[in-house]
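Worksheet: the structure to be examined is printed underneath.
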2 protein chains.
Amino acid sequence: MDFSSFVTSLVTSFVIFLVLMLLFVWLSRKPGNAVVYYPNRILKGLDPADGRSSIRNPFAWIWEALSSSEQDVLNMSGVDTAVYFVFLSTVLGILALSGVILLPVLLSVAATDNAANSKSISDTSSNGTFSDLDKLSMANVKAKSPRLWAFLIATYWVSFVTYYLLWKAYKHVAELRAKALMSPKPEQFAVLVRDLPNAPKGQSRKEQVDSYFRAIYPETFYRSLVVTANKQVNKLWQELEGYKKKLVRAEAIYEESKKGNAAGIRPTNKTGFLGLVGEKVDSIEYYTGKINELIPKLEAEQRATVREKQQCSALVFFTSRMTAACAGQSLHAQMVDTWTVVDAPEPRQLIWNNLTMKFFDRQTRPCVVYIIVFLTIVFYMIPIAFISAFTTLDNLKKLLPFLKPVVNIAAIRTILEAYLPQLALIIFLALLPKFLLFLSKAEGIHSESHAIRAASGKYFYFVVINVFIGVTVGGTIFSTIKTIEKHPKSIVSLLAKSLPSNATFFITYIALKFFVGYGLELSRLVPLIIFHLKKKYLCKTEAEIKDAWFPGDLGYGTRVPGDMLVVTIVLCYSVIAPIIIPFGVLYFGLGWLILRNQALKVYVPSYESYGRMWPHIHKRVLAALLLYQLTMLGYLGVKKFYYTEFVVVLIALSLIFAFVCSNKFYPAFRHTPLEVVCHEPKETLNMEQIFKSYIPPSLCSEKLGDDQQEDAFSQGSKSVSVV
Amino acid sequence: MDFSSFVTSLVTSFVIFLVLMLLFVWLSRKPGNAVVYYPNRILKGLDPADGRSSIRNPFAWIWEALSSSEQDVLNMSGVDTAVYFVFLSTVLGILALSGVILLPVLLSVAATDNAANSKSISDTSSNGTFSDLDKLSMANVKAKSPRLWAFLIATYWVSFVTYYLLWKAYKHVAELRAKALMSPKPEQFAVLVRDLPNAPKGQSRKEQVDSYFRAIYPETFYRSLVVTANKQVNKLWQELEGYKKKLVRAEAIYEESKKGNAAGIRPTNKTGFLGLVGEKVDSIEYYTGKINELIPKLEAEQRATVREKQQCSALVFFTSRMTAACAGQSLHAQMVDTWTVVDAPEPRQLIWNNLTMKFFDRQTRPCVVYIIVFLTIVFYMIPIAFISAFTTLDNLKKLLPFLKPVVNIAAIRTILEAYLPQLALIIFLALLPKFLLFLSKAEGIHSESHAIRAASGKYFYFVVINVFIGVTVGGTIFSTIKTIEKHPKSIVSLLAKSLPSNATFFITYIALKFFVGYGLELSRLVPLIIFHLKKKYLCKTEAEIKDAWFPGDLGYGTRVPGDMLVVTIVLCYSVIAPIIIPFGVLYFGLGWLILRNQALKVYVPSYESYGRMWPHIHKRVLAALLLYQLTMLGYLGVKKFYYTEFVVVLIALSLIFAFVCSNKFYPAFRHTPLEVVCHEPKETLNMEQIFKSYIPPSLCSEKLGDDQQEDAFSQGSKSVSVV
């Protein structure tokens with residue numbers, strides 16, 4: 001990439017960003033768009049944009065984001081979001097502190113050593129014209145030069161800055177988590193029990209669980225909720241809910257039509273497939289009939305479920321947080337594969353289907369999943385190539401004959417032929433996070449946040465291996481092969497040249513990512529358009545309109561791996577081509593600013609894990625640091641520097657640092673420390689309400705729970721406590 | 001080793017065994033020796049040998065050992081000893097079941113395939129005369145022969161027998177442990193807390209611990225005992241105890257002398273070094289004076305210790321076993337390196353000096369220790385060679401001139417010159433277990449039984465690597481080098497030959513070990529001689545005589561690794577030279593019989609860890625099995641068997657088996673499962689007595705503990721419970 005195309009790319013990205021930002025300023029001031037730009041504030045019952053300031057100054061949002069404190073984020077969006085900002089500011093700090101030293105020193109050291117090396121490379125390589133940018137990188141330094149000392153010391157500097165800031169951040173996050181856990185939460189009173197052994201004869205599951213836990217915790221045991229097989233009842237419930245929604249919609253349409261015409265037009269629909277075929281009926285009557293028909297069915301199924309479909313898993317509630325925290329950490333049964341007790345997640349996080357998975361499955365499934373993920377990462381190009389080959393235009397014409405007239409137009413034909421393979425790749429990459437989340441759930445993980453963390457980890461490896469390593473090594477190999485044939489010994493000097501020249505590619509990649517990516521993020525163009533389309537053509541009721549603008553969460557599952565890729569790239573090139581650092585700083589600075597705005601005003605977290613994402617992030621930043629140190633070890637070796645081995649010390653230090661951190665901080669993230677929950681709450685929580693929050697919606701019914709003694713939710717009588 | 005010398009060696013060993021057994025029968029019937037042959041029964045207040053039976057039949061002990069049940073062992077010697085017998089009988093079972101199939105099948109398969117292979121070897125090797133024994137081994141089978149299928153299947157058979165019996169044994173031991181833990185033990189009410197953070201200003205350590213645990217466990221907290229620095233007070237106390245013993249002895253001597261002479265002779269001693277030099281004084285007066293002088297000193301020091309020398313570690317007592325079990329498994333503090341809580345060991349097992357070791361030290365010291373152990377295992381010959389070189393006779397003469405007249409005698413000179421290096425080796429091997437125990441304690445382990453397990457593990461690696469691998473590979477290499485020079489390609493066939501020929505060496509080694517070793521064990525010749533010598537010349541008081549015959553414990557630390565070496569050898573050779581199996585069966589059969597007698601009648605366990613040795617034994621039997629499978633993989637490869645790769649399946653199976661076992665059974669050994677301790681005891685234990693049992697003897701004093709509020713043992717008043 002030469003200098004002018006590099007600048008062109010940057011300028012283009014920047015112009016797009018400016019346009020998007022102006023769009024945001026313009027669109028966000030229209031009152032009709034408030035639900036798209038301030039949904040979090042609206043849902044919390046606050047005034048969309050503090051009224052005055054947004055009218056006075058179009059860039060007030062920047063000031064608001066900058067002046068917001070961590071406490072504001074905690075209040076508006078919870079601990080997980082605050083932890084994400086700790087990550088952003090930590091990385092920002094690492095890059096800024098590195099840049100302050102590395103930019104002036106290394107650039108001057110590299111730029112003044114231009115003559116000899118560039119000549120020697122132009123002797124051996126076929127296209128030895130150095131671009132202006134490459135002159136500012138380490139490639140410009142002679143092999144064996146004593147100037148390499150500066151680069152070695154810079155490697156040490158970056159590493160130590162990273163250790164220091166990561167340590168501080170881990171400590172800070174641990175305090176955030178402890179502070180958040182100190183005030184009582186419903187899930188702190190519950191534990192999840194899996195792998196119940198077969199119930200003794202004459203005892204129901206419910207009695208078994210109650211008697212077991214009442215024997216161990218006679219004073220603090222509250223009651224238990226046996227997990228049931230809900231497939232049938234869920235199906236009926238969803239059907240019922242669907243009809244209820246349709247009924248409300250039909251009534252809204254009827255009301256609407258009354259305005260123009262006093263009698264109104266009663267809406268009709270067809271009973272067949274997708275409402276397209278079949279008999280035409282009056283909607284309101286039809287849906288009311290269906291609902292009346294389903295309600296007794298559902299109730300019968302609910303009763304059958306809680307009584308007969310009890311599974312080998314249960315939620316147990318205690319009246320004391322201390323007991324629940326102890327129980328979650330203690331071994332209960334003599335044999336480990338029975339009575340496995342873990343902390344219960346939030347009710348909204350429970351992956352109900354995985355609760356009943358057997359111990360053996362939970363041990364073996366991850367192995368299978370890891371193999372699948374490994375194969376996906378390494379061979380993901382194969383199915384895409386296969387699909388592209390299959391979906392040629394000729395095949396398409398055969399399979400979908402109605403496309404023929406379109407495809408036969410020459411212009412469209414050319415475009416389709418050019419873009420079909422890329423389309424397959426784009427679709428694959430868009431579906432990948434969902435696929436990885438599906439795989440993570442298939443492992444048997446019981447909480448949503450944990451599954452997302454697991455998926456995010458897999459995505460990180462996919463991204464780093466395929467994008468970073470793939471581009472670097474791939475680019476080097478392809479540009480090298482021809483020259484190697486002529487001068488086999490030039491491979492080393494070529495490798496040395498390829499690494500820094502990839503830097504310009506990554507700089508434009510990062511710039512595109514932050515200018516266009518964050519521009520789109522801030523302007524929310526896509527959600528805005530979708531909302532207005534839905535509002536105009538689809539939504540009839542208030543609930544449907546709310547669904548249309550409901551913002552969702554920040555999406556750590558894909559956001560964190562994306563950021564991690566940038567961390568990895570910038571760290572790895574920080575010493576080789578320090579010019580990349582300002583772009584990294586811009587990425588995380590702009591990201592911090594824009595996401596702060598989004599976190600405060602737009603996104604609504606869909607769960608709260610009290611910072612359990614952090615150990616995961618910490619480990620991956622360290623992995624990036626290790627990759628960086630390995631790169632430097634290799635690159636200094638390529639430069640034939642005599643003291644390259646000093647980098648090995650750093651690698652050992654990183655491993656020790658990782659070990660110490662995970663020993664010192666991680667246990668408090670895995671379990672709840674007892675000193676945190678030992679202060680009993682001032683106002684006691686309503687235990688009954690906590691219990692009810694864990695009952696799945698499809699089983700919530702007034703008629704259930706209190707009359708039968710043996711169903712999954714009933715309050716067991718004290719008489720069963722005799723063991 | 002040829003056949004005749006093999007038989008000679010076996011016969012010699014057997015004769016020695018017969019002599020030792022007859023000695024035992026003869027000596028054990030003399031009433032004066034009862035304290036040497038039945039100390040465990042005597043200490044438990046039982047009649048030494050059930051009276052009648054031992055007189056009627058000199059071999060009654062065999063019948064008694066065979067008819068004793070596991071419950072007898074549990075009653076007489078505790079769970080650890082019972083677990084050791086589970087180990088012996090499991091290995092016995094593995095070898096017997098293997099032998100039943102392998103001996104008839106493999107011996108006939110090997111013996112009938114003699115011609116071709118033995119000829120081909122005698123062509124290539126310099127000394128290709130096959131002994132009769134080698135004909136019965138796998139070396140006698142032709143390369144690539146389909147007969148190798150029998151050996152492959154045999155490998156599978158031995159592995160599956162091992163899996164099955166190990167699984168059964170682990171289950172059985174887990175039940176034994178659970179049953180033993182179910183009845184209340186003092187240590188179940190206590191936990192050990194380490195790494196206390198600095199006490200807040202104005203709070204003593206004692207108050208800090210009390211307030212922390214009272215906040216978390218308001219209902220079940222009983223009291224705490226802060227660990228103190230006892231070096232000074234221990235020294236004074238030992239001095240005092242020494243003088244007390246000497247006073248009793250002096251009085252006994254005086255009483256004795258009165259029998260002959262009415263006035264008696266008052267004993268005297270010299271006050272200088274070792275009682276050899278210095279002023280001569282009246283012993284009784286001198287010691288009484290010393291004691292009177294020391295008592296106030298000791299009391300002052302005791303008071304100073306409990307008040308001012310409180311360390312960053314404490315024992316905390318609860319009134320409920322459940323709470324203590326929960327506490328030992330739960331994370332207490334936000335930061336892991338503070339308030340580390342673990343289950344407390346028995347009072348007699350506490351390694352008081354290690355309790356105050358810092359968290360950081362406990363993490364780093366094991367690494368240093370492992371490096372030292374690794375170096376010891378690999379390079380242990382170097383210091384021995386160095387010492388042997390240094391302790392030549394000429395050096396000895398220079399350093400210890402008084403030896404000159406002895407050394408100058410020709411006969412003694414020759415003997416010394418021949419045996420000095422061996423002497424160094426023998427002394428080294430005798431001191432090794434002590435050295436390894438010292439290293440294990442230096443790791444910072446807080447309980448005696450754990451330190452012994454750790455030392456035993458280190459000894460196992462030393463023994464297996466140096467004896468088994470050393471002899472096999474070493475023997476092969478030395479006998480090979482010469483031939484390789486002539487025929488470089490013969491190395492493979494020679495290796496195939498060397499492995500089985502080492503089998504005869506190991507057979508004689510095992511036979512020597514069980515005939516002579518168990519003979520000495522049963523006859524207890526050495527303790528008997530020492531006891532009689534001490535009784536005659538040294539002991540004056542009853543306490544001294546009891547000390548002289550006190551039997552000590554079974555000594556798992558060295559016994560288990562020794563047995564493990566035999567397991568490793570027999571397993572590894574079981575298929576290659578099945579003739580070794582009967583010797584292995586004899587070793588473990590005889591061992592079971594003789595040690596059963598010793599466990600019931602002689603040894604007194606010095607601690608009880610409720611079978612925590614088992615996971616350790618289990619892992620090492622599996623390690624031996626893995627080594628065996630690797631050996632078979634290599635040896636079948638040497639035999640050019642086409643289906644050698646089938647052994648890889650077995651290796652994978654072993655790893656999976658180890659993983660499953662450690663996941664299923666191990667947690668119940670690491671922690672106390674709550675369901676085991678949830679049944680509260682019928683008769684409540686005396687909490688005050690439990691608390692007192694943990695106070696070190698040097699600090700036991702009537703005047704301590706109740707008057708001051710701030711010392712290490714005091715019952716903290718309820719007023720400090722406000723946090």
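Residue numbers begin at 1 in each chain, while the letters A, B, ... track the order of the sequences.
For F659(A), the part sitting under 4.5 Å from any heavy atom of chain B is the side chain, from C-beta outward, and nothing else. Only the backbone of T672(A) comes within contact range of chain B, judged by heavy atoms closer than 4.5 Å.
Contact check on K358(A) versus D337(A) returns no salt bridge, with no Lys/Arg side-chain nitrogen under 4.0 Å from an Asp/Glu carboxylate oxygen.
Interface remark: of the candidates S330(B), A327(B), A668(B), S330(B) forms the most heavy-atom pairs closer than 4.5 Å to chain A. Note on K171(A), Q363(A), Q334(A): by heavy-atom pairs under 4.5 Å with chain B, the leading option is Q334(A). In terms of heavy-atom pairs under 4.5 angstrom with chain A, the leader among V676(B), T338(B), N663(B) is N663(B).
Ring centers of Y163(B) and F160(B): under 6.0 Å apart, within the cut-off. The aromatic ring centroids of Y212(B) and Y217(B) lie 6.0 Å or more from each other.
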Original post:
Could you go step by step and tell me if H671(A) and Q329(B) meet the side-chain hydrogen bond (donor to acceptor under 3.5 Å, both in side chains) rule?
Top reply: CA-CA 11 Å; H671(A) 294 302; Q329(B) 299 178 43; over 6 Å; no

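Note: W167(A) and F657(A) have tilted aromatic rings, judged against thresholds of 30 and 60 degrees for the angle between ring planes.
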